[in-house]
Every structure is written in structure tokens, then in C-alpha cells.
*Asks:* 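Structure in C-alpha cells, see below.
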Amino acid sequence: MKDSYGRTIDYLRLSVTDLCNLRCMYCMPEKGVHKKEHKDILSVEEIEEIVSAAVDLGVTKVRVTGGEPLVRRGIVEICRRIGAIPGVEKLCMTTNGVLLKKYAGELFDAGVTRLNVSLDTLDPEKYTQLTRMGTLEDVLSGIDEAFRVGFDEIKINTVLIGGVNDNEIRDIAALTKDRAIHVRFIELMPIGECADWGPERFISNERVLEVLPGLEEAGVSGVARIYRLPGHRGTVGLISPISSHFCPSCNRIRVTADGRLKPCLHSAEEINLRGLHGEELRDAISRAVYGKPRRHHLDEEKSKSARNMNEIGG
Ligand code: SAM
Ligand code: SF4
């Protein structure tokens, strides 16, 4: 599936809920979000139908995200059904890891091939402050459990925030030393909760290169520039939507928990997929892909997305 700029679109990010068991300061309102009625979020069958249609059009990689995907009732069954769709080559999940200890084994058995765990600090107190309620130990034991049940590598997503965790770059990168942990530093994007934060909060990924001059280049993977610390087993990746926007290599579309397709994370445009079936559904997806904007303009203005990140899934 190609868009009008010739980009191949083969990656679907699917938010299965906008609810979350954390309230990360840059992502979620402190009070949480209004729980949608059951009928307002995609059912397992609708999810299966939408993913199948996207796969018919050329999608090969699906990421299940949220809100927090592990708080969605029936999440293991959702993963099993997606994983069973012929043509889904990679089934990934992005999770905050809080419930991973409980679910890692079932997710692995259900066919999840890759896990990304979001972790912004290794300081237990700071973790609780930043997430407004989480316990660091839950995430760390979830990661251990994921390795134990058979995941052979795990990605850690870290959003750097000035004055909060930008002093932890070295410690977080050190997680890559002995295990196949791949840390991805992601630049904070001005969207939703943090759209009006001051410039001091937004840390360019160039800072990582300054703090870790020993990083050796190890290629490019999707939208990440990959590096490795000498002798370390895992890698350090830089995802820099602001300082070097990667729109020319964008390969993804997003579907929200209420069934809206977002051709671009930072555009207000959404296409309702609910109630569409067969040819009509495939047509709607390919038209949306064709209309995908060329690039975002976060370097000049705030995101135009009307949604918070917890509704889109990153
Ligand atoms: N709850 C899951 C988690 O935290 O991994 C999945 C959803 S969360 C919205 C997905 C990713 O988006 C997380 O890694 C989070 O750090 C990132 N994220 C949220 N708001 C962001 C922002 N304003 N800029 C950059 N990344 C953001
Ligand atoms: Fe929840 Fe993930 Fe947003 Fe944190 S980043 S509030 S864990 S959805």
C-alpha cells in the first residue's frame, strides 16, 4: 500500500483502549479519562475485521497499544486473534509493563512477537511521581518475567524530559549491558497534556550523543538511529521526531480504540471505520492512506491532533 508520496505503508498501530493504570504527566490528565461505554470501543470482532482489511492492503506489522493495552478486558484473546490473521508477520505490543509479570507468558503464547516497555526513570520515587501512581518494581519484575517466558529481546522506550530524567541517560543506557535490551530515547512531542510545556522540558536527542560520546553507530531501524556502547549486548536508539523529523520514512497508520483511522499522528484528520465491511472498509483505508500528509510541522507549531497521546497510543 503506497501513499501519494510513494511511501510504503505496512505498519498499523492499534489502540485497544484509552484507559490506563498510570497517569504519566506528559500523557494523561491527572484525573484520568472518562471511561467510554463498551459499545463505543471496537469489539474483538471489529478489531479482527479492521486488521484483516489492513493486511489485505499490505500491512505486515501490527502494534497493539493503548492507553495501557493490558487493562483492556480480553487482551490476550485480542492478540491471539490478530496473531492468527495470515499475513501478520510481526505482532508487537507497547505497554507500561506494570501488569507484565502477570501477562508475559500468556502474551508470548498468544503470538506476541515483540514487546516495548515504556520506562522513563530508574528512580523508584521519581517513577511514582512521573506516573502519578506507578511502582517501578512492578515494571522491572515484568521485564524479568518477559525474558523468562521466552521473549528474546525487549525494547525500552524512554521519553527524556528536561529537569526530570535528563540526568539518567547514562544509567538507562546501561540497561543494554548484559541483556538484549534495546533502549529507545524518544523526544517529547508537544501534544495533549504537554502541548503547553516550556521549551526547557523538550530535550533534543543530541543530548544523548553528548552524554555518551562512546556510542558507536549501528545503522538505522525504522525511524530510529541505532548505536551501541562498546561491549554491550543491547543497543541504544534515538527516535527524534522533533530534531530530525522522520516523516519521509513514515510507514504507519493508526487506529484509535473507538475505530477512527488517523493517517498522521499530528493531523486532526480522522476517518471513521466503524460500520464498514469488506470492500467498503478496504476502500476507506486505502483512501485514508493516499491522503496521508507529507509531514508534520511540530518544529513550527503544536500538534494539530485533537487527542491526547493516551487515545492514540504513541
Ligand atoms: N501505555 C503504554 C505505554 O506507556 O507504553 C502504551 C501507550 S503510550 C501513549 C505509548 C508511548 O507513547 C509511551 O512510550 C509514551 O512514553 C509515549 N508518549 C506519550 N506521550 C508522549 C509525548 N508527548 N511525546 C513522546 N512520546 C509520548
Ligand atoms: Fe498510560 Fe502509557 Fe500514557 Fe503513561 S504513557 S499515561 S502508561 S498511556
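Every number for a ligand or one of its atoms is a count from 1 in the order of the listing.
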*Asks:* Taking 2.8 Å as the distance threshold, tell me the number of protein N/O/S atoms next to atom 4 (Fe) of ligand 2.
*Replies:*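 N, O or S atoms of the protein closer than 2.8 Å: 1.
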*Asks:* Could you list which atoms of ligand 1 come closer than 4.0 Å to a heavy atom of Cys194?
*Replies:*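 Here the atoms of ligand 1 in question are 23 (N).
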*Asks:* Near Ile191, which atoms of ligand 1 are under 4.0 Å from a heavy atom of that residue?
*Replies:*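 Within the 4.0 Å cut-off of Ile191, ligand 1 contributes 23 (N).
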*Asks:* How long is the straight-line distance from CD1 of Ile253 back to OG of Ser286, given to the nearest 0.5 Å?
*Replies:*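 The OG atom of Ser286 sits 9.5 Å away from the CD1 atom of Ile253.
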*Asks:* Might you confirm whether atom NZ of Lys155 has over 12 heavy atoms from other residues, nucleotides or ligands at distances under 6.0 Å?
*Replies:*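 More than 12 heavy atoms, drawn from other residues, nucleotides or ligands, come within 6.0 Å of this atom.
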*Asks:* So, does Arg228 use its side chain to make a donor-acceptor pair with the main chain of His232 at under 3.5 Å?
*Replies:*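 Confirmed, Arg228 side chain pairs with His232 backbone.
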*Asks:* Using 4.0 Å as the upper bound for N to carboxylate O, is an ion pair formed by Glu153 and Arg179?
*Replies:*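 Not counted as a salt bridge, because no side-chain N and carboxylate O are separated by less than 4.0 Å.
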*Asks:* Tell me, please: is Glu187 in heavy-atom contact with ligand 1, that is, under 4.0 Å?
*Replies:*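 In this structure, Glu187 qualifies as a contact of ligand 1 - some heavy atom is under 4.0 Å.
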*Asks:* Just which atoms of ligand 1 are under 4.0 Å from any heavy atom in Asn157?
*Replies:*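 Reading through ligand 1 atom by atom, the close ones are 14 (O).
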*Asks:* How many angstroms lie between atom CG of Leu160 and atom CG of Asn167, to the nearest 0.5 angstrom?
*Replies:*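 Atom-to-atom, Leu160:CG and Asn167:CG are 10.0 Å apart.
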*Asks:* Taking Arg201 first and then Asp196, would you say they form a salt bridge - that is, a charged N and a carboxylate O separated by under 4.0 Å?
*Replies:*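 Asp196 and Arg201: not salt-bridged.
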*Asks:* Will you find, in the side chains of Asp10 and Thr8, an N or O donor that is under 3.5 Å from an N or O acceptor?
*Replies:*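 Per modelled atom types, Asp10 and Thr8 side chains form no pair under 3.5 Å.
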*Asks:* Below 4.5 Å, heavy atoms only, C-beta onward: do Thr158 and Val183 meet side chain to side chain?
*Replies:*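 A side-chain contact under 4.5 Å exists here.
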*Asks:* May I ask you to list the atoms of ligand 2 that are less than 4.0 angstrom from any heavy atom of Gly67?
*Replies:*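 What qualifies from ligand 2 is 8 (S).
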*Asks:* With nothing but distance in play, are any N or O atoms of Met189 less than 3.5 Å from an N or O of ligand 1?
*Replies:*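 Yes.
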*Asks:* Counting non-hydrogen protein atoms only, what is the nearest one to atom 12 (O) of ligand 1? Give residue, atom name and distance.
*Replies:*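 The protein heavy atom lying closest is Gly314 CA, 3.7 Å.
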*Asks:* Answer yes or no: is there an ion pair linking Arg23 with Glu30, defined by an N-O contact shorter than 4.0 Å?
*Replies:*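 Result for this pair is no, no salt bridge flagged.
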*Asks:* Does a side-chain N-to-carboxylate-O contact under 4.0 Å join Asp178 and Arg233?
*Replies:*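 No, Asp178 and Arg233 are not salt-bridged.
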*Asks:* What atoms in ligand 1 come closer than 4.0 Å to a heavy atom of Val159?
*Replies:*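 Ligand 1 atoms under the 4.0 Å threshold to Val159: 16 (O), 26 (N).
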*Asks:* Among all protein non-hydrogen atoms, which one is nearest to atom 9 (C) of ligand 1, and what is the separation to 0.1 Å?
*Replies:*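 Looking at atom 9 (C) of ligand 1, the protein heavy atom closest to it is Met309 O, 3.6 Å.
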*Asks:* Specify side chain, backbone, both or neither for Leu188, according to which of its non-hydrogen atoms lie closer than 4.0 Å to ligand 1.
*Replies:*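 For Leu188, backbone and side-chain atoms both sit under 4.0 Å from ligand 1.
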*Asks:* My understanding is that only residues two or more places apart in sequence, or in another chain, count here; which of them pass side-chain contact (heavy atoms from CB on, under 4.5 Å) with Asp138?
*Replies:*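 side-chain contact (heavy atoms from CB on, under 4.5 Å) check on Asp138 returns Val98, Thr135.
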*Asks:* I'd like to know whether CZ of Arg294 has more than 12 heavy-atom contacts from other residues, nucleotides or ligands below 6.0 angstrom.
*Replies:*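 Open.
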*Asks:* Considering both backbone and side-chain atoms of Ser118, is one of its nitrogen or oxygen atoms within less than 3.5 Å of a nitrogen or oxygen in ligand 1?
*Replies:*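 N/O-N/O distance under 3.5 Å: yes.
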*Asks:* For Thr65, counting its heavy atoms only, list the atoms of ligand 1 lying under 4.0 Å from any of them.
*Replies:*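 Every atom of ligand 1 under 4.0 Å from some heavy atom of Thr65: 6 (C), 7 (C).
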*Asks:* Distance to 0.1 Å, residue and atom name: give those for the protein heavy atom nearest to atom 18 (N) of ligand 1.
*Replies:*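 The closest one turns out to be Tyr26 CE1, 3.7 Å.
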*Asks:* Does Thr94 approach ligand 1 within less than 4.0 angstrom via side chain, backbone, both or neither, non-hydrogen atoms only?
*Replies:*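 Both backbone and side chain of Thr94 come within 4.0 Å of ligand 1.
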*Asks:* Once you restrict to heavy atoms under 4.0 Å, what part of Thr95 touches ligand 1? Side chain, backbone, both or neither.
*Replies:*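 Only the backbone of Thr95 comes within reach of ligand 1.
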*Asks:* What protein heavy atom sits nearest atom 10 (C) of ligand 1, and how far off is it?
*Replies:*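 Checked against all protein heavy atoms, atom 10 (C) of ligand 1 sits closest to Gly313 O, 3.5 Å.
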*Asks:* Side chain or backbone, does Asp120 bring an N or O within less than 3.5 Å of an N or O on ligand 1?
*Replies:*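 So ligand 1 has no N or O lying under 3.5 Å from an N or O of Asp120.
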*Asks:* With Val71 as reference, evaluate Leu22, Asn96, Thr95, Thr17 under the side chain to side chain contact (heavy atoms under 4.5 Å, CB included) test and give the passing residue.
*Replies:*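 Single pass found, and it is Thr17.
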*Asks:* Does the side chain of Thr256 come under 3.5 Å of the side chain of Glu311 through a donor N or O and an acceptor N or O?
*Replies:*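 Absent: no donor and acceptor within the cut-off.
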*Asks:* Counting heavy atoms only, which of Gly97, Pro241, Gly67 is nearest atom 2 (C) of ligand 1?
*Replies:*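 Closest candidate by heavy-atom distance is Gly67.
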*Asks:* Between Lys262 and Glu269 (salt bridge meaning N to carboxylate O under 4.0 Å), is one present in this structure?
*Replies:*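 Salt bridge flag = no for Glu269 with Lys262.
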